[in-house]
Each structure stands twice: as C-alpha cells, then as structure tokens.
Amino acid sequence: MRYRESPPPATNPDEFRAVVEGRRSVRQFEPGEVPQEVLDYCLDMALLAPNSSNLQPWEFVVVRQPTHLAELAEACLNQNAAKTAPLMIVQLAHTNNWRQHANQLLAEWPQDKIPSAVNKYYKQLVPLHFTTGPLDTLGLVKAVSQRVVSQFRPLPRFHESQADLRVWAAKSCALACENLMLAARAQGYDSCPMEGFDEARVKKLVRAADDTFVVMVIALGKRTAEGVYYPRQRFAKNQMVREL
C-alpha cells in the first residue's frame with residue numbers, strides 16, 4: 001500500500017474556533033428559505049465525517065415542503081425550533097446495510113487494484129464483526145468466545161446483538177450531524193439538533209426503512225435575535241477531562 005495523499009490545505013485555528021463557538025442550539029428561526037447551495041455545502045461536509053470502517057450507515061432526509069414541515073413539527077412535539085424552521089433534516093441510522101456498503105466499497109475502490117488487506121477486511125472481517133444471526137444467536141457464540149479469548153490477549157469486541165449495531169451506527173451518525181451543524185454555522189446559518197420527537201411518526205413521515213432508527217432531527221435556518229434562549233453553560237474542564 002503505497003498511497004500518499006497530498007498535504008492538507010492550510011487552516012486558521014481562530015476561524016475554526018469562531019465557527020465552533022458560534023454554533024448554538026437555536027430555538028427560533030427567521031422566515032425565509034435556506035439556499036440550495038448552502039444546503040448542499042452542509043450535506044457535503046456531513047458526508048465527509050469519519051465513520052466506522054467507512055461503512056457510512058447514515059441517511060439524511062431533507063424536509064422543506066410546508067405540509068411535511070408542519071407534520072414533522074407536530075411529531076417533534078411542536079418545539080419552537082421545529083415550528084419556525086424553514087427546513088429540517090431527519091438523520092436516519094441504518095443497522096443492516098453494512099454488507100451492501102462493504103460490497104459497494106470494493107466495487108467502487110478508487111485505485112486500479114484493491115489491496116489484499118482491504119479485500120480481506122471487507123469480505124471476511126466485516127461479516128464476522130457485524131453478523132449477529134437470528135435472535136442474536138451467533139452474537140451469543142461470539143460473546144462467549146470473546147470473553148474467553150480476551151482473558152489472554154487484547155481483542156476487538158465484535159458486535160453481539162442488534163443493540164450493539166444501533167450503538168455502532170449512532171456513533172458514526174452523530175459525527176456526521178456535528179459536521180453538518182458546524183458547516184451551517186460556517187455559512188452563516190444556524191441549527192438545532194432535536195431528540196424530542198415521536199420516532200414512529202417521524203419514520204412514517206419520511207418513509208424510513210425497517211432497519212433504521214432516527215438519530216436526531218436538525219432544524220436549520222437563520223436565527224432570530226431571541227433564538228438563543230440562555231447563555232452557554234459548560235462544566236469546568238478539570239471536571240470533564242482527566243489524564244492517566
């Protein structure tokens with residue numbers, strides 16, 4: 001594997017800090033559409049988020065048709081952020097498309113030859129890692145064997161249940177959501193990630209596949225002067241960070 005990537009572009013730490021510090025959970029938005037180029041930029045940045053094994057278990061559903069927005073706002077318990085946003089994005093996590101995506105990664109490999117380690121990883125290790133079997137029966141076998149082997153050497157923990165796959169998918173999807181919200185702020189727009197919603201209603205509205213769950217609903221738009229309800233509050237760094 002002799003791939004060498006070009007050096008990354010120059011960056012400005014102060015500009016990045018301004019974007020991060022400027023991002024707030026905005027609860028009230030101005031009327032007015034989000035331009036398509038802004039939306040495309042935000043989604044492009046979201047799709048560049050790091051994710052487990054590059055399996056990209058996410059799906060973004062853009063909702064901006066007024067009737068659908070009203071239905072989605074109701075499913076989001078009529079929160080102000082949902083009621084006033086000119087656009088919302090429902091982020092779905094997939095738990096069972098990992099095999100399809102593993103095959104697609106190999107089929108669309110960007111080099112002339114697929115490295116043997118990559119081929120082995122997606123054809124052998126990924127199925128071993130992600131297959132849990134009917135009623136998680138294979139996962140139970142993996143759980144027992146992992147607990148035995150891990151007594152003698154470090155061992156990556158293979159997924160033992162569908163619950164494990166939900167956690168796995170949620171981790172990658174949350175990273176993509178953060179990219180999207182920071183991208184919106186970089187474009188001068190604001191967002192509000194929402195967990196307060198009726199998931200069954202949201203999934204029905206966006207015609208979600210059976211293997212998906214809703215990670216969050218993101219409201220997007222321009223903040224009003226009253227859109228941020230309270231000052232930012234964070235706990236002390238020494239309470240949240242420790243070193244070994």
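Values in this document were obtained by computation on a predicted structure and should not be read as measured data.
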Do Glu160 and Thr132 meet the criterion of a side-chain donor-acceptor pair at a distance under 3.5 Å?
-> no
Judged by modelled atom types alone, do Asn80 and Thr84 share a side-chain donor-acceptor pair under 3.5 Å?
-> no
Under 3.5 Å, is there a donor-acceptor pair between the Gln56 and Asn54 side chains?
-> yes
Closest non-hydrogen atom pair between Pro50 and Trp58, with its separation = O-CZ3, 4.3 Å
Going only through I, L, V, M, F, W and Y residues with side-chain contacts under 4.5 Å, is there a path from Val217 to Leu69?
-> yes
State whether a side-chain donor-acceptor pair under 3.5 Å links His94 with Glu59.
-> yes
Looking only at heavy atoms, the pair that brings Thr95 and Asp211 closest together is OG1-O, 3.0 Å
Mark yes or no for whether Lys123, through its side chain, and Ala102, through its backbone, hold a donor-acceptor pair below 3.5 Å.
-> no
Quick one: is the NZ or CZ of Lys222 closer than 6.0 Å to the six-membered ring centre of Tyr189, and within 45° of its axis?
-> yes
Is there a donor-acceptor pair under 3.5 Å between the side chain of Lys203 and the backbone N or O of Thr212?
-> yes
For Ser191 and Ile218, indicate whether the former's side chain and the latter's backbone hold a donor-acceptor pair under 3.5 Å.
-> no
Angle class for the Phe130/Trp168 ring planes (parallel below 30°, perpendicular above 60°, tilted otherwise)?
-> perpendicular
Can you name the residues that form a side chain to side chain contact (heavy atoms under 4.5 Å, CB included) with Thr11, not counting sequence neighbours?
-> none
Residues Tyr122 and Ser53: side-chain donor-acceptor under 3.5 angstrom = no
Does one side chain, of Glu74 or Asn78, offer a donor that lies under 3.5 Å from an acceptor on the other?
-> no
Without swapping roles, check the side chain of Thr131 against the backbone of Pro127 for a donor-acceptor pair under 3.5 Å.
-> yes
Any donor and acceptor pair, going by atom type alone, linking the side chain of Gln65 with main-chain N or O of Thr67 inside 3.5 Å?
-> yes
Got a donor-acceptor contact below 3.5 angstrom from the Asp198 side chain to the Arg201 backbone?
-> yes
Tell me, please, which residues at least two apart from Arg24 pass side chain to side chain contact (heavy atoms under 4.5 Å, CB included).
-> Arg223, Val228, Arg232
